[in-house]
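Reading through the structure tokens given below for one structure.
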Amino acid sequence: MKTILIIEDDIVLRETTAEILELENYKVITASNGKRGAEQAKILAPDLIICDIMMPEMDGYDLLKILSKDEQTKRIPFIFMSAKTEIKDVRKGMDLGADDYLTKPVSEELLLSAIESRLAKFELLKEDGIIKKAETEQEDSYKDIENIEDLKNYFCDFGLSKNYKKGEIIYKEGEYSNHIYLVYKGSVKSYKIDEFGKELILNIHKGDDFIGLSAIIDNSHYYESISAMETSEILQVPKNILQQILENNHKLSLEIFQLINENLTEVKEQLLQMAYGSMRRKTAQTILKFAKMMSHKPTDNINISRRDLAGVAGIATESLIRTLTDFKKHGILEIEGRNIRILDLEKLEAIN
């Protein structure tokens, strides 16, 4: 969800504009004058700023000058929305670095169109900047990438970092693949939606895991969806950059294919378990899998929703809850809210 900062001293216009944008699924923050707007911009780093010109304490022109000199805010798309309609006013705003200038009153359609185009342009420029940076400054570093660990270091050094909240989608099944990702912090799940709308979780990925590798071939699409299971930081590198890295590195290419093969093997084993395993075994194996992926040791607390557990096990949530209750009754698990802790690892591993 993109965040937009509205800086406007007219309370009615400010609240009306905020309502319009919130209905379009934007997160909106507001400020009633230029001084407060500058503070909000530096603290919250919004994705786009809409600003009036004639305001108390600090006008829009001075605000844009301040933001343009700050490394943290100078690249934020900035749109003036003002009642000043003379050509000289528009020219002054654009000369100061504004991305657009809308004159009041502004139609809802024009406002939304301006926002969408400026956000899209910023994303394209940002992506293009990553590609150019990699092509010009980092090409010499390709030869230093000899194995998977070197590749992870490259992602950490040159990848674009994005933060995702719990439940946010990183990419959807069927989308054209433009990037390869590395989970830096947190955990994510890969899943598919069946014809009945049921979610089937294919795998859980934690920090230091690559995602999207199966779509590394040209003109390919992601075969699964990925979403964050908790607040997560994801590093992304354009797919064409990774292809260039692999072109002259056969050893790394083999390691990448090995990773892809391991992921496919895990998915096959899970599907077999779902098809032929007993409900108790499915539940036990799923808990063990989550414990391995999300904890330092099996006896650590696992904080996971029953829905996600059931999705991986391939059973109904109600059936999973009954099985968990049975495990708790026999002293195999300790359950408190969303937290599950393994008390008897041997018994859990022996369930069939």
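What you are looking at is a predicted structure, and each value in this text was computed from that prediction instead of being measured. Throughout, residue positions are numbered sequentially from 1 according to the sequence presented.
In this structure, His205 and Phe210 have side chains that are not in contact, with every pair of non-hydrogen atoms separated by 4.5 Å or more. With a 4.5 Å cut-off on side-chain heavy atoms, Phe122 and Asp47 do not count as touching. Under the 4.5 Å side-chain criterion, counting only non-hydrogen atoms from C-beta, Gln285 is in contact with Leu288. With a 4.5 Å cut-off on side-chain heavy atoms, Ile66 and Lys42 count as touching. When side chains are defined from C-beta on, His179 does not count as touching Leu160, because their heavy atoms never get closer than 4.5 Å. In this structure, Asn203 and Lys289 have side chains that are in contact, with non-hydrogen atoms separated by less than 4.5 Å. With contacts defined as side-chain heavy-atom distances shorter than 4.5 Å, the pair Ile351/Lys347 does not qualify. No side-chain heavy atom of Phe158 sits under 4.5 Å from any side-chain heavy atom of Val237.
Within a 6.0 Å sphere centred on NZ of Lys185, heavy atoms belonging to other residues, nucleotides or ligands number 12 at most. Crowding of Ile87 atom CD1: a count of heavy atoms from other residues, nucleotides or ligands under 6.0 Å not exceeding 12. Atom OH of Tyr184 sits in a sparse spot, with 12 or fewer heavy atoms from other residues, nucleotides or ligands closer than 6.0 Å. Atom NZ of Lys172 is surrounded by 12 or fewer heavy atoms from other residues, nucleotides or ligands within 6.0 Å. Within 6.0 Å of the CD atom in Glu349, the count of heavy atoms belonging to other residues, nucleotides or ligands exceeds 12. The local environment of CZ in Arg306 is crowded, with over 12 non-hydrogen atoms from other residues, nucleotides or ligands closer than 6.0 Å.
For Pro46 against Ile49, the heavy-atom pair with the smallest separation is CG-CG1, 3.9 Å. What you find for Val90 and Thr85 is that their closest heavy atoms are CG2-O, 4.4 Å. A pairwise comparison of heavy atoms in Ile335 and Lys328 identifies O-NZ, 3.6 Å as the closest pair. Residues Asp344 and Gly331 come closest through the heavy atom pair CB-O, 4.1 Å. When all heavy atoms of Ser161 and Leu235 are compared, the closest pair comes out as CB-CD2, 3.7 Å. The two atoms that bring Glu108 and Ile20 nearest to each other are CG-CG2, 3.7 Å, heavy atoms only.
Neither Val28 nor Ile7 shares a network with the other; the hydrophobic side chains, linked directly or stepwise wherever heavy atoms of I, L, V, M, F, W or Y lie under 4.5 Å apart, form separate groups for each.
Of the possible polar contacts, none joining the Lys189 side chain to the Ile201 backbone as a donor-acceptor pair under 3.5 Å is found. Remark: the backbone N or O of Glu8 is paired with a side-chain donor or acceptor of Arg14 at under 3.5 angstrom. The closest donor-acceptor contact from the side chain of Glu255 to the backbone of Ile148 lies under 3.5 Å. Remark: side-chain polar atoms of Ser253 are paired, donor with acceptor, to backbone N or O of Leu246 under 3.5 angstrom. Side chain of Ser117 to main chain of Ala114: a donor-acceptor pair is present (N/O by atom type, distance under 3.5 Å, no hydrogens or angles). At distances below 3.5 Å, at least one donor-acceptor pair connects side-chain atoms of Asp99 with backbone N or O atoms of Phe78. With Ser227 contributing its side chain and Gly167 its backbone, the two residues share no donor-acceptor pair below 3.5 Å. Side chain of Asp209 to backbone of Lys206: a donor-acceptor contact under 3.5 angstrom is found. Remark: side-chain polar atoms of Thr317 are not paired, donor with acceptor, to backbone N or O of Arg307 under 3.5 angstrom. Ser225 contributes a side-chain N or O that, together with a main-chain N or O of Glu173, makes up a donor-acceptor pair within less than 3.5 Å.
Rounding to the nearest 0.5 Å gives a distance of 11.0 Å between CG of Asp89 and OG1 of Thr103. Going from atom CD1 of Ile4 over to atom OG1 of Thr17 covers 10.5 Å, rounded to the nearest 0.5 Å. Taking CD1 from Ile340 and CG from Leu333, the interatomic distance works out to 6.5 Å, rounded to the nearest 0.5 Å. Taking NZ from Lys27 and CG from Leu5, the interatomic distance works out to 11.5 Å, rounded to the nearest 0.5 Å. Note that the CG atom of Leu102 and the CG atom of Leu111 stand 6.5 Å from one another [nearest 0.5 Å]. Atom-to-atom distance recorded for Met58:CE and Lys65:NZ is 11.0 Å, nearest 0.5 angstrom.
Classification of Lys104 and Asp52 as a salt-bridged pair holds, one side-chain N sitting under 4.0 Å from a carboxylate O. Salt-bridge annotation for Arg341 and Glu334: present, with a side-chain N of the basic residue lying under 4.0 Å from a carboxylate O of the acidic one.
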Open item on the list: Before you tell me yes or no, could you show the steps for Leu112 and Leu21 under side chain to side chain contact (heavy atoms under 4.5 Å, CB included), namely the whole-Å CA-CA distance, both residues' side-chain angles and the distance that decides it to 0.1 Å?
Closed with: CA-CA 8 Å; Leu112 294 175; Leu21 299 185; 3.8 Å; yes
Task: side chain to side chain contact (heavy atoms under 4.5 Å, CB included) evaluation trace for Glu19 with Thr16 - done: CA-CA 5 Å; Glu19 185 178 352; Thr16 301; 5.7 Å; no
- [ ] Please lay out, stage by stage, how Ile241 and Tyr154 fare under the test side chain to side chain contact (heavy atoms under 4.5 Å, CB included).
- [x] CA-CA 11 Å; Ile241 296 299; Tyr154 180 86; 3.5 Å; yes
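A cation-pi arrangement is absent between Lys92 and Phe80, since the terminal nitrogen or guanidinium carbon is not both under 6.0 Å from the aromatic centre and inside a 45° cone about the axis.
Ring geometry for His221 versus Tyr176: interplanar angle over 60°, hence perpendicular rather than tilted (30 to 60°).
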